[in-house]
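Here is the structure we will look at.
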Amino acid sequence: MEVQSGTGTGHEIEAPNNITIKGILGLLMANTDAKGNGKKVISLGIGDPTAYSCFCATSASQEAVVDALRSAKFNGYSPTVGLPQTRKAIAELLSRDLPYKLPPDDVYITAGCTQAIEITLSIMARPGANILLPRPGFPIYGLCATFRHLECRYFDLLPYKGWEVDLSAMENLADHNTVAVVIINPGNPCGNVYTYQHLKEIAETAKRLGIVVIADEVYGHLAFGANPFVPMGVFGSLAPVITLGSLSKRWLVPGWRLGWLVTNDLNGSLKSPKFVERLKKYCDICGGPATFIQAAVPAIVEETQEAFFRKTINTLKQTSDICYQKIKEIRCVSCPRKPEGSMAFMVKLNISMLKDISDDIDFCFKLAKEESVIILPGLAVGLENWLRITFAVEPSSLEEALERVKSFCQRHSC
Ligand SMILES: *Cc1c(COP(=O)(O)O)cnc(C)c1O
C-alpha cells in the first residue's frame with residue numbers, strides 16, 4: 001500500500017499510510033531560504049490558527065483553566081474515561097444539536113481529537129479487519145490504522161459534487177471484514193460541509209453494510225456557507241455512530257489537548273458490554289487529558305459567548321473568500337468548490353501549464369525555497385497534483401502569501 005513518489009527533487013515522500021502533515025511541513029520549512037530571498041516565511045500549511053492574533057482563545061476559557069488550577073482540587077488523577085462533570089458538560093453541549101439527549105456515560109474524554117481517533121481505531125482493530133477512509137483525507141487515520149494492522153481502503157470524495165462521498169465506491173470497497181467508515185465534516189482538507197440528505201445517505205449505506213460511522217467533527221459548527229453543520233449523531237438511530245471532537249479548533253485551544261469520543265447509537269451495538277469494556281480498558285491505557293483542563297470544561301462551555309464563535313466564523317469566511325478570489329487570478333491553479341467550512345480547502349494544480357515543475361511536491365518545495373511560502377502538497381492528504389491551503393491565517397499575511405504564489409506561478413509558466 002506504500003507508494004513512493006519519485007519527484008526528481010531529491011525529496012522522497014511516502015504515501016499514503018506513512019506520512020504526517022507535520023512531517024512534510026517540517027521538510028518544507030527546512031527548505032525555505034528567507035536569507036536568500038529576503039522574504040519572511042508565511043505558512044498556509046499549519047492547522048494551528050493560534051499563530052495569528054485574530055484567532056485567539058477567549059479570556060473566559062483561560063479564566064476557567066486558571067480557576068480550576070488555583071482551586072487545587074484537580075491535582076489528582078481523573079477517572080480515565082474523564083471527570084463526571086466534564087462528560088456531562090460535553091453530553092449537554094452535543095445534545096443541543098441532537099433529537100435525543102446524550103447520556104454522559106456515552107462520552108469519553110480524550111487528549112484531543114487525535115487520541116479519540118487512536119482509541120477508536122485501536123478498539124475496532126482485529127485480525128483481517130479493514131476500514132474505509134476518505135481520499136483526500138486526514139493522514140492520522142491511515143497512519144494510526146497501519147500501526148494497528150487495520151487495512152485501509154480509500155473511497156473518493158468527488159470534487160465537482162461538493163466533495164461528497166462516492167457512495168457506490170464506498171459500498172463496493174466494503175466486505176464482511178469492514179468495521180467502519182470515516183467521515184470528516186466539516187471537511188479537512190476540502191473545506192466542504194455536507195447536507196443533511198448526504199449525511200443520511202452515508203448513514204443508510206453504513207447501515208446496509210453493517211458498519212460503524214466514525215464522524216470526525218473536530219470542525220463542528222465552523223461552517224460559513226449555505227449548508228448548516230449537521231452532526232452525524234442525528235442519524236444514530238439508523239447506524240451506530242462514534243463522534244469525535246475537541247476544543248482545539250472551535251475554541252482555538254489546540255494545545256490544551258481536550259477532546260472527546262462519543263457513542264451515538266440508539267440501537268445499542270456500541271452499548272454492548274463487550275464494546276464498552278474494551279473502550280474503557282483502552283482509556284485506562286491512555287490515561288486521559290490533564291485533570292484541571294477537564295475540570296475547566298463546564299465553565300468553558302457555559303461561559304463562551306456566541307459572539308466569540310461568530311467572530312471566528314466571520315474571519316474564516318473573510319479569509320476563505322480572499323483565497324477563493326486570489327486563486328481565480330492564478331492561471332495554473334483552480335478551485336472546484338468554494339470553501340464553506342473548516343480551515344482548509346483543496347486547489348487543483350495544472351502541471352501542464354508549468355514548464356519546470358514535475359508535480360505537487362516539486363511545486364511546494366520550489367515555492368518554499370523561492371517565496372518562503374509553505375503549502376501542503378496534495379499527496380500528503382492522498383491527492384497528487386493538488387494543494388491543500390489553510391486559510392486560518394491573518395488576512396494581510398494571507399494576501400501577501402497568495403500574491404507570492406501568483407508571481408511564482410507566472411515565473412514558472414510555460
Ligand atoms: C486538527 C484535526 C484533528 C486533531 O484534533 P486535536 O484535537 O488537535 O487532536 C483531527 N481530525 C481532523 C480532521 C483535524 O483537522
Side-chain angles (χ1 to χ4, degrees), residues 16 19-25 43-51 55 57 61 82 86 90 93-94 107-122 131 133-145 154 157 163 165 180-194 213-223 229 231-232 242-262 286-290 293-294 297 300 312 316 320 339-346 376 380-383 388-393:
I19 46 171
T20 63
I21 291 178
K22 287 187 177 79
I24 292 192
L25 294 177
S43 179
L44 309 185
I46 35 166
D48 189 343
T50 63
F55 296 102
S61 300
T86 312
I90 298 301
L93 174 76
L94 300 182
V107 177
Y108 299 79
I109 304 301
T110 60
C113 186
T114 305
Q115 193 178 59
I117 295 171
E118 110 105 313
I119 294 173
T120 307
L121 299 200
S122 300
I131 187 166
L133 301 179
R135 181 179 52 215
F138 189 64
I140 293 284
Y141 285 94
L143 191 63
C144 187
Y154 291 89
L157 304 182
W163 296 106
V165 173
V181 58
V182 171
I183 301 296
I184 304 170
N185 181 56
N188 178 14
C190 302
N192 58 288
V193 177
Y194 289 142
V213 181
I214 299 170
D216 182 327
E217 296 177 356
V218 78
Y219 292 101
H221 288 276
L222 293 179
F229 165 66
M232 187 58 99
I242 297 181
T243 301
L244 314 180
S246 74
L247 295 183
S248 303
K249 312 286 165 67
R250 191 173 178 218
W251 282 264
L252 300 171
V253 289
W256 291 6
R257 312 309 302 132
L258 193 296
W260 49 85
L261 179 167
V262 174
C286 292
I293 303 279
Q294 294 191 49
V297 169
I300 292 172
T312 307
L316 291 172
S320 64
E340 306 174 314
S342 88
M343 296 177 173
F345 73 123
M346 295 294 285
L376 191 75
V381 292
L383 271 198
R388 187 194 75 164
I389 297 180
T390 300
F391 50 80
V393 174

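Residue numbers run from 1 in the order of the sequence given. Just so it is clear, the structure is predicted and the values come from calculations on it, not from any experiment. Counting convention: from 1, in listed order, for ligands and their atoms alike.
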Y219 heavy atoms within 4.0 Å reach ligand 1 at atoms 14 (C), 15 (O)
Is there side-chain contact between S320 and F345, with at least one heavy-atom pair below 4.5 Å? no
May I ask you to test the C286-I119 pair for a side-chain heavy-atom distance under 4.5 Å? yes
Please could you name the atoms of ligand 1 that V218 approaches to less than 4.0 Å, counting only its heavy atoms? 2 (C), 5 (O), 11 (N), 12 (C), 13 (C), 14 (C), 15 (O)
Among L157, I184, N185, which residue satisfies the side-chain contact (heavy atoms from CB on, under 4.5 Å) criterion with W163? L157
Of all the heavy atoms in K249, does at least one lie under 4.0 Å from an atom in ligand 1? yes
As an exercise, identify every atom of ligand 1 less than 4.0 angstrom from a heavy atom of D216. 10 (C), 11 (N), 12 (C), 13 (C)
With the side chain counted from C-beta on, respond yes when L316 and M343 share a heavy-atom pair under 4.5 Å apart, and no when they do not. yes
Hey, does T86 have a side-chain heavy atom less than 4.5 Å from the side chain of W260? no
Does an N or O from Y141, backbone or side chain, lie closer than 3.5 Å to an N or O of ligand 1? no
A student checking ligand 1 against S248 at a 4.0 Å heavy-atom cut-off should list atoms 6 (P), 7 (O), 8 (O)
Below 4.0 angstrom from a heavy atom of I184, which ligand 1 atoms are there? Numbered from 1 as shown, please. 13 (C)
Under 4.0 Å to a heavy atom of G112 - the qualifying atoms of ligand 1, by number: 7 (O), 9 (O)
Is the shortest heavy-atom distance from the side chain of V218 to the side chain of N188 under 4.5 Å? no
Any N or O on C113 sitting closer than 3.5 Å to an N or O of ligand 1? yes
For ligand 1, indicate whether the residue Q115 contacts it via side chain, backbone, both or neither (heavy-atom separation under 4.0 Å). neither
Considering the heavy atoms of S246, write down every atom of ligand 1 situated less than 4.0 Å from one of them. 7 (O)
So for T114 against ligand 1, with non-hydrogen atoms under 4.0 Å, the contacting part is both
Distance-only, no hydrogens or angles: does the E217 side chain make a donor-acceptor pair with backbone N or O of M232 under 3.5 Å? yes
